[in-house]
Amino acid sequence: MSIFFCVLAVFGLAQATMGTVAPDAATFFDSTIHGNLTKITWVHAVNDFKKLNQTLDDESIMMVEADVVLGTVGNSSEIIPIMAHPPDNTSDLSLADFLTAMIKHKKKGIKLDFKTIEAFNGSLELLTKHRENMTFPVWLNADILSGPVDADTKPVDSKQFLSLANKTLPESTLSIGWTTRYGILKVIISGNYSEAQIDEMIKTVSNTSQPITYPVRAGLAAGDIAVWSKLLNSTADKNATLTIWSAEGDKVDVDQLIKLIQEVGYDRVYVDVPEKLRKQLAGSATSASISTFLLLSSIFLGNVLLANLLDFVNLNVISA
Ligand SMILES: *[C@@H]1O[C@H](CO)[C@@H](O)[C@H](O)[C@H]1NC(C)=O
Ligand SMILES: *[C@@H]1O[C@H](CO)[C@@H](O)[C@H](O)[C@H]1NC(C)=O
Ligand SMILES: *[C@@H]1O[C@H](CO)[C@@H](O)[C@H](O)[C@H]1NC(C)=O
Ligand SMILES: *[C@@H]1O[C@H](CO)[C@@H](O)[C@H](O)[C@H]1NC(C)=O
Ligand SMILES: *[C@@H]1O[C@H](CO)[C@@H](O)[C@H](O)[C@H]1NC(C)=O
Ligand SMILES: *[C@@H]1O[C@H](CO)[C@@H](O)[C@H](O)[C@H]1NC(C)=O
Ligand SMILES: *[C@@H]1O[C@H](CO)[C@@H](O)[C@H](O)[C@H]1NC(C)=O
Ligand SMILES: *[C@@H]1O[C@H](CO)[C@@H](O)[C@H](O)[C@H]1NC(C)=O
Ligand SMILES: *[C@@H]1O[C@H](CO)[C@@H](O)[C@H](O)[C@H]1NC(C)=O
Ligand SMILES: *[C@@H]1O[C@H](CO)[C@@H](O)[C@H](O)[C@H]1NC(C)=O
Ligand SMILES: *[C@@H]1O[C@H](CO)[C@@H](O)[C@H](O)[C@H]1NC(C)=O
C-alpha cells in the first residue's frame with residue numbers, strides 16, 4: 001500500500017512539469033534556481049538560424065527571448081510570422097521553424113516579443129497547433145500601456161492582446177508592460193513609473209487569471225521603487241512578478257536597483273539585463289553584504305575583537 005503511494009508520489013513529482021503545457025518558469029527551473037528567480041539566465045533577440053543554433057548548443061541558457069513580426073523568409077513573397085526586430089521584415093527564421101526547434105530541444109523557455117497586434121494575431125494559428133507540445137515556459141510579451149517618460153510609441157491594444165492570449169494559450173505567462181522613452185539615444189537619464197501608470201495596469205489585468213510578469217526598464221524602475229509592492233500585491237492572485245530589463249547604455253542607479261530587488265524579493269523578480277549591469281549587481285550585492293557585516297560586527301564587537309575575528313575567518317578560509 002505505502003509502496004504504491006510512494007511510486008505514485010514520485011511519478012506525480014516527475015509529472016509536475018513534464019508534459020505540462022507552458023509550465024511556470026520558477027517551477028520548471030527549480031532544481032537549478034531553488035526559488036531565486038534572479039538566477040535564471042537569458043539570451044536575447046534570437047531572430048536568425050545562426051543565433052538559434054548557438055543558443056541550443058549552450059546549456060547555460062534557460063530563457064530565450066525573440067521578436068515576432070510579420071514579414072518574409074528568403075525569397076518567398078508570402079507574409080508570415082517571422083523572427084525579426086523592427087524595422088527588419090525579412091529573416092531566415094520563421095516562427096514556425098523557431099517553435100519546432102524549441103519543441104525538439106525541450107529544455108529552454110521562450111519569451112516571444114510581439115511588436116504589433118497583427119503579428120500576434122498572425123501567430124495564433126501556429127501557437128494553437130503546437131500548444132500541447134510546448135512543455136516548457138512560454139511567455140507572451142507585449143507593451144500594452146503607455147509608460148515613462150511620456151513614451152510616444154503606440155502600445156499594442158491591451159484588450160485584444162489579453163483576450164487573444166486567453167483564447168489561444170491560457171496556460172502561458174503574460175509578460176505585459178509599458179512602452180518607454182529613456183536612454184542615451186533619447187538623452188533621458190532619469191524618470192520613474194507613475195502611480196497612475198501602475199493603477200492603469202492593475203485595472204487592465206483585472207479580468208485575466210493567467211500568471212503575469214511585468215517587464216520594467218531598470219533605470220526607470222529604480223527611479224521610484226515604492227510603486228512595485230503595490231502592483232505585485234494588488235495582482236498577487238496572478239502570481240505576479242517583475243522582469244527587470246535594461247538597454248545597453250541606460251543610466252541605472254545600481255544601489256537603488258538592488259534595494260528594489262531585495263524589497264520585492266528574489267522569489268518575485270527576474271533579472272534580464274546586459275552583462276555589464278549584471279556584473280555590477282552581483283558585485284554591489286556582495287560588497288553591500290560585506291560592509292553590513294563589518295558595520296554590525298564593529299558595533300557589537302568593537303574593533304579589537306573584530307580584528308581577531310577577521311584573522312580567525314581568514315585562517316579558516318585558508319585552511320578550508
Ligand atoms: C539570489 O541569487 C543572486 C545571484 O546569484 C544572489 O546574489 C543572491 O544573494 C541570491 N539571493 C537569495 C535570497 O538567495
Ligand atoms: C542550424 O542547425 C541546423 C540543424 O542542425 C542546420 O541545418 C543549419 O544549417 C544551421 N544553420 C546555421 C545558420 O548555422
Ligand atoms: C519591408 O520593409 C521594406 C523597407 O521598409 C518595404 O519596402 C517592404 O514593403 C516591407 N515588406 C513587407 C512584406 O512588409
Ligand atoms: C529562392 O531561393 C532558393 C534558394 O534559397 C532557390 O533555390 C530558388 O530558385 C529561389 N527562387 C526564386 C523564385 O528565386
Ligand atoms: C487575424 O488573423 C486571421 C488569420 O490568421 C485573419 O483572417 C484576420 O484578418 C486577422 N485579423 C487582424 C485584425 O489582423
Ligand atoms: C506533438 O508531439 C507528438 C508526439 O511527439 C507528435 O506526434 C505530434 O505530431 C506533435 N504535434 C505537432 C503539431 O507537431
Ligand atoms: C472586465 O469585465 C467586466 C465585466 O465583463 C467589464 O465590464 C470590464 O470592462 C472588464 N475590464 C477590462 C479591463 O477589460
Ligand atoms: C479567460 O477569460 C474568461 C472570460 O473573461 C475568464 O473567465 C477566464 O478566467 C480567463 N482565463 C484565463 C486563464 O485568464
Ligand atoms: C516620478 O516622476 C514624476 C514626474 O513624472 C515626478 O513628479 C516624481 O517626483 C517622481 N517620483 C520620484 C520618487 O522621483
Ligand atoms: C506587499 O506584501 C508583502 C508580503 O506579502 C508585504 O510585506 C508588504 O508590506 C506589502 N506591501 C504593500 C505596499 O502592501
Ligand atoms: C500560482 O502559483 C500556485 C503555486 O505554484 C499555483 O497553484 C497557482 O495555480 C498559480 N496561479 C497562477 C494564476 O498562475
Side-chain angles (χ1 to χ4, degrees), residues 43-59 61 64 66-86 88-108 110 112-131 140 142-147 154-170 172 174-179 195-212 214 230-231 234-238 240:
V43 63
H44 271 276
V46 179
N47 296 338
D48 58 62
F49 251 116
K50 183 165 173 242
K51 194 145 178 199
L52 176 63
N53 286 0
Q54 287 166 352
T55 298
L56 295 175
D57 284 345
D58 186 341
E59 280 189 17
I61 296 167
V64 179
D67 304 293
V68 184
V69 300
L70 292 178
T72 57
V73 168
N75 55 15
S76 159
S77 61
E78 193 190 354
I79 295 181
I80 55 169
I82 63 164
M83 312 315 291
H85 193 284
D88 292 349
N89 61 11
T90 61
S91 177
D92 68 347
L93 183 59
S94 64
L95 174 63
D97 286 343
F98 177 87
L99 292 178
T100 302
M102 298 313 299
I103 287 167
K104 188 167 164 229
H105 186 76
K106 292 191 176 75
K107 293 187 201 122
K108 302 187 195 298
I110 60 176
L112 299 172
D113 188 353
F114 297 95
K115 300 302 185 188
T116 61
I117 196 69
E118 289 79 14
F120 188 45
N121 176 58
S123 303
L124 299 179
E125 208 178 301
L126 273 173
L127 293 174
T128 303
K129 176 178 156 196
H130 289 294
R131 184 185 149 272
L140 304 177
D143 297 339
I144 60 168
L145 297 177
S146 290
K154 191 170 149 252
V156 170
D157 186 285
S158 62
K159 271 210 156 78
Q160 287 191 58
F161 188 80
L162 295 176
S163 136
L164 292 172
N166 174 312
K167 287 198 191 96
T168 310
L169 204 57
S172 62
L174 299 171
S175 169
I176 43 180
W178 298 257
T179 57
E195 283 220 36
Q197 286 158 352
I198 300 300
D199 290 341
E200 197 187 349
M201 184 61 88
I202 294 171
K203 204 174 94 197
T204 302
V205 301
S206 58
N207 289 344
T208 184
S209 44
Q210 285 179 243
I212 296 181
Y214 302 105
K230 179 183 180 188
L231 175 67
S234 305
T235 54
D237 59 325
K238 302 158 218 313

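Counting starts at 1 for both ligands and their atoms, in listed order.
- We find the CG-OG1 distance between Asn121 and Thr168 to be 8.5 Å, quoted to the nearest 0.5 Å.
- Lys50 and Asp92 are not joined by a salt bridge, as no carboxylate oxygen comes within less than 4.0 angstrom of a charged side-chain nitrogen.
- With contacts defined as side-chain heavy-atom distances shorter than 4.5 Å, the pair Thr72/Ile82 does not qualify.
- At the top of the distance list for atom 10 (C) of ligand 2, counting protein heavy atoms only, stands Asn53 ND2, 2.4 Å.
- Contact annotation for atom 8 (C) of ligand 5: protein present (non-hydrogen atoms, distance under 4.0 Å).
- In this structure, Ile198 CD1 and Lys203 NZ are separated by 14.0 Å, a value rounded to the nearest 0.5 Å.
- Considering each of Leu70, Asn121, Leu164, the one bringing a non-hydrogen atom nearest atom 11 (N) of ligand 5 is Asn121.
- Of all the atoms in ligand 2, the ones that sit under 4.0 Å from a non-hydrogen atom of Lys50 are 13 (C).
- Here is the list of ligand 7 atoms found below 4.0 Å of a heavy atom in Asn207: 1 (C), 2 (O), 3 (C), 8 (C), 10 (C), 11 (N), 12 (C), 14 (O).
- A distance-only check finds a donor-acceptor pair linking the side chain of Lys51 to the backbone of His44 [under 3.5 Å].
- Remark: atom 5 (O) of ligand 2 lies closer than 4.0 Å to no protein heavy atom.
- At least one protein heavy atom sits closer than 4.0 Å to atom 13 (C) of ligand 7.
- Comment: Glu59 does not engage Lys107 in a salt bridge, judged by the lack of any side-chain N to carboxylate O separation of less than 4.0 angstrom.
- A 4.5 Å side-chain heavy-atom check between Leu140 and Leu127 finds at least one atom pair inside the cut-off.
- When only interatomic distances are considered, the shortest N/O to N/O separation between Lys203 and ligand 7 does not fall below 3.5 Å.
- Residue Lys159 touches ligand 7 through its side chain alone, judged by heavy-atom distances below 4.0 Å.
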